Every structure is written in C-alpha cells, then in structure tokens.
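Since the structure is predicted, the reported quantities are computational estimates derived from the model, not experimental observations. Letters go in sequence order (proteins before strands), and every chain restarts at 1. Computed over heavy atoms, backbone and side chain alike; hydrogens, waters and symmetry mates excluded.
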Number of protein chains: 2
Amino acid sequence: MQYSKSTDYALHALLHLARPELRNNVGIKELSGMLEVSESYLSKIMSKLRQDGLVRAVPGANGGYELARPAEDISFLDVVQVIEGRQQMFECSNSRSRQHRLLAEEEDGREPAPSRGSECLVEKVMNGAEQQLHQYLREHTIQSVLDEALQRGGFQAAKKR
Amino acid sequence: MQYSKSTDYALHALLHLARPELRNNVGIKELSGMLEVSESYLSKIMSKLRQDGLVRAVPGANGGYELARPAEDISFLDVVQVIEGRQQMFECSNSRSRQHRLLAEEEDGREPAPSRGSECLVEKVMNGAEQQLHQYLREHTIQSVLDEALQRGGFQAAKKR
DNA sequence: CCTATTATGGACCTGTGATGTCCATAATAT
DNA sequence: ATATTATGGACATCACAGGTCCATAATAGG
C-alpha cells in the first residue's frame, strides 16, 4: 500500500515545469539532474504524462517538455491516476460468496438485493474512503503547491535582483 | 496502489466473528470455507490479527478465534494498519535535493526553513490526503457494517424461524 | 543536406513482496 | 492417549516496481 516512486518523480517534474521563470521546453537532462534519477527512467514517466495529456513534448535540438495546460488545471489526482492507474484501491475478491453468504446465509431463494447491485458492504466502505482521498487530491493542484512555495519565501533567489 | 487480498480476507473474517449468533471460538475451517481461501493462508492472517490484539485464539479441540474487543471498537483503520503496515503511503525519495532545490534554488546560504522541519510540500499534500482516508476508515467499524447488513434484512434466515 | 540533439518505444534485467503450500510442533478437550 | 486446532518456519511462484540499454524518429542549426 505505497505510492510508487514514479508518482513522486512525476509530481516533482511537473512542479518544476510550472515554475514561473520557465524558458520553453525543459529537457530531460535538466529534469533528471534535478530529481537525481536516470534520464532513461524519467523518460518513461514523462512519456506517460504526455500520452495522458498533462505535458507536451517536442523532440530534436532545443526540444523538451512543457505543461499542456495551466498549472491550476493539473490536480494531484490527475497525476496519481496517470501513474498509478484508475482501478479502485479495493476490490472484494469474490462478491458472490462474500456478501451473499453474509446477507442471505443459507440460500433462501430470494435474490440478494437485485436492484441495488450486489455490492459488498466492506467494499462500499473502502470505496467511500477512497473517495475522501480523491476529493482531497482533486482540491490540490500543481499551482497551489507552487503558490505555497512562493509564499514561504522560496524562489526569491531565482530573480537574481 | 492496491490493498492486498489479505486485507479483504481479514475484514471479512472479523465481520464473521462479530455475528450475533456466535458460539464461542470459530475454527479456521469454518472461516476459510466461508471466504473460499485455504486454511494455511488464512491462518497466517489470523495470527497477525492475534499478534496485534484484534482477536484471541485458543488451540486444541473446539478451539478457534473470537474477537478480542467489542466489534464497535475495531475500526477499518485498525485492520488496514495491521495488514498493510503503518508506514505512510507517500515518501519523498530525496528530501535534501527535492524541496531544498525547489525552495532555495541556488545555495543562498539561508537555512531552508529550519524550525518548520524541511518537509517536502508534495509530501505534505499527499500526507494530508492520507489523513482524510484514515479519518474515514477510523469512523467505520466492524459493528457499523454489521448493523447496516442487519438493517438491510440480512441474517433473518439465520434465525431459522 | 549533414550533424548534433532530444524524445520514444521495445526489449531486457533484477529484487522484492504478495500469495500460497507444506510440515513439524505445541496446546487443548474428550 | 488421541483427535483437534493454532503457530511458525521454510519454500515456491509470480507479478510488478524500478531501472538499463539501444535503435529509431523528429527537429534545429549550420
């Protein structure tokens, strides 16, 4: 039950791409140097982000990556779902035996909750919890984190006044 | 980013142990039959639950398992943490390079937020999300799910009227 | 047109952890 | 004494995270 390192890399990479003083197109070299991860591996992650429309990429000299949409339109949930996938965190392994035996113990002939969709009550709780998580991740964006970093006095050195 | 099957088994096993019509000590045979999982494997899970004080076990003839505390004192969070562990879901892989390079780009000499603890802002968001998840899991107990099952008309067959 | 640069995708490798199985041992009731 | 039941160790298997390497394509600059 751990988020992968790829999620960590992806979030930090996007955060870097969102920095105000961006010259267009940040190369993989700069990104991988920043995050202390190999170019090859980070490439895979960036490709995934591109396939899902979070960044744009241009090959060739002076190429690189840039955000495909405004940073405030990229939520943490977007990133997590691209990297970790969109399947739910919990699935009852055998809904037929589980919930049905729990709700209607010994085959009394009634259909077990036919209209409501025979959802496992355990799964229902776990899905509810996941929704709480998603809601929070949806409310936090690349931009909101960047704002907090700026507010804390970061990036002032980057201005080279 | 998936909960393990063990968590599924553990939750359903506890739910079964919490059923009102319990004769003391439910054996591994009955539990494994119910959940359609091998006795050997479920044993490991039950042992873990015992080591963490969620159930009691007695060996020997007529032995088996029973809840170690009232079902309303066993939250989903308790179970998840026993099975999945208690480490946080997200950890910034290199806090020294990450947040520090983001907040104080080019070594300007200031200590980067010394009092506040150099916490990664990305990690902070992810931890916040996890807390939302935990809060929800803390509010749902074995008993609360059992109540909902009863309310839905389950278990009436078990009374053998 | 030629070359250097940069992203892409496929193939491959490795360690770790989830999911089980099997067996010897200990404890308990009859 | 014997049958029953939980426990713990040793293994086996398999998928996946995490990562490397290389051939290919696209692009800019001369």
Just to verify, what does Glu66(A) make a salt bridge (charged side-chain N to carboxylate O under 4.0 Å, His left out) with, not counting sequence neighbours? Arg56(A)
Side chain to side chain contact (heavy atoms under 4.5 Å, CB included) evaluation trace for Leu54(B) with Leu67(B): CA-CA 6 Å; Leu54(B) 296 195; Leu67(B) 296 188; over 6 Å; no
Ignoring backbone atoms, test whether [X] places a side-chain nitrogen or oxygen under 4.0 Å from the OP1 or OP2 oxygen of [N].
X        : N       : answer
Tyr3(B)  : dT19(C) : no
Arg50(B) : dA6(D)  : no
Ser4(B)  : dT19(C) : yes
Tyr9(A)  : dG19(D) : yes

Checking all strands, does Ser43(B) fall into the base, sugar-phosphate, or nothing category for heavy-atom contacts under 4.0 angstrom? base
Just call it for Gln51(B): base, sugar-phosphate, or nothing, with non-hydrogen atoms closer than 4.0 Å on any strand. sugar-phosphate
Check for a donor-acceptor pair, side chain of [X] on one end and backbone N or O of [Y] on the other, with a separation under 3.5 Å.
X         : Y         : value
Asp78(A)  : Ser75(A)  : yes
Asp52(B)  : Val82(B)  : no
Glu148(A) : Leu121(B) : no

In whole Å, I'd like the distance from the [atom1] atom of [X] to the [atom2] atom of [N].
X        : N       : atom1 : atom2 : value
Asn25(B) : dA29(C) : CG    : C1'   : 12 Å
Glu91(B) : dG18(D) : CD    : C1'   : 16 Å
Met46(A) : dT8(C)  : CE    : C1'   : 13 Å
Leu42(A) : dG9(C)  : CG    : P     : 15 Å
Ile28(B) : dT4(D)  : CD1   : C1'   : 14 Å
Asn24(B) : dA6(D)  : CG    : P     : 14 Å
Gln2(A)  : dG17(C) : CD    : P     : 10 Å
Leu35(B) : dG20(C) : CG    : P     : 12 Å

Nucleotide-resolved protein contact map, nucleotides 20-30 of chain D, B/S/- at heavy-atom distance under 4.0 Å: BB----BBSS-
As a test of reading the structure: which of dT8(C), dG8(D), dG20(C) is closest to the side chain of Lys5(B), going by heavy atoms? dG20(C)
Pairs involving residues 38-49 of chain A, ordered by first then second residue, that meet side-chain hydrogen bond (donor to acceptor under 3.5 Å, both in side chains) (sequence neighbours left out): Ser6(A)-Tyr41(A)
Side chain to side chain contact (heavy atoms under 4.5 Å, CB included) for His140(A) and Val145(A)? Distances and angles first, verdict last. CA-CA 7 Å; His140(A) 287 77; Val145(A) 169; 5.6 Å; no
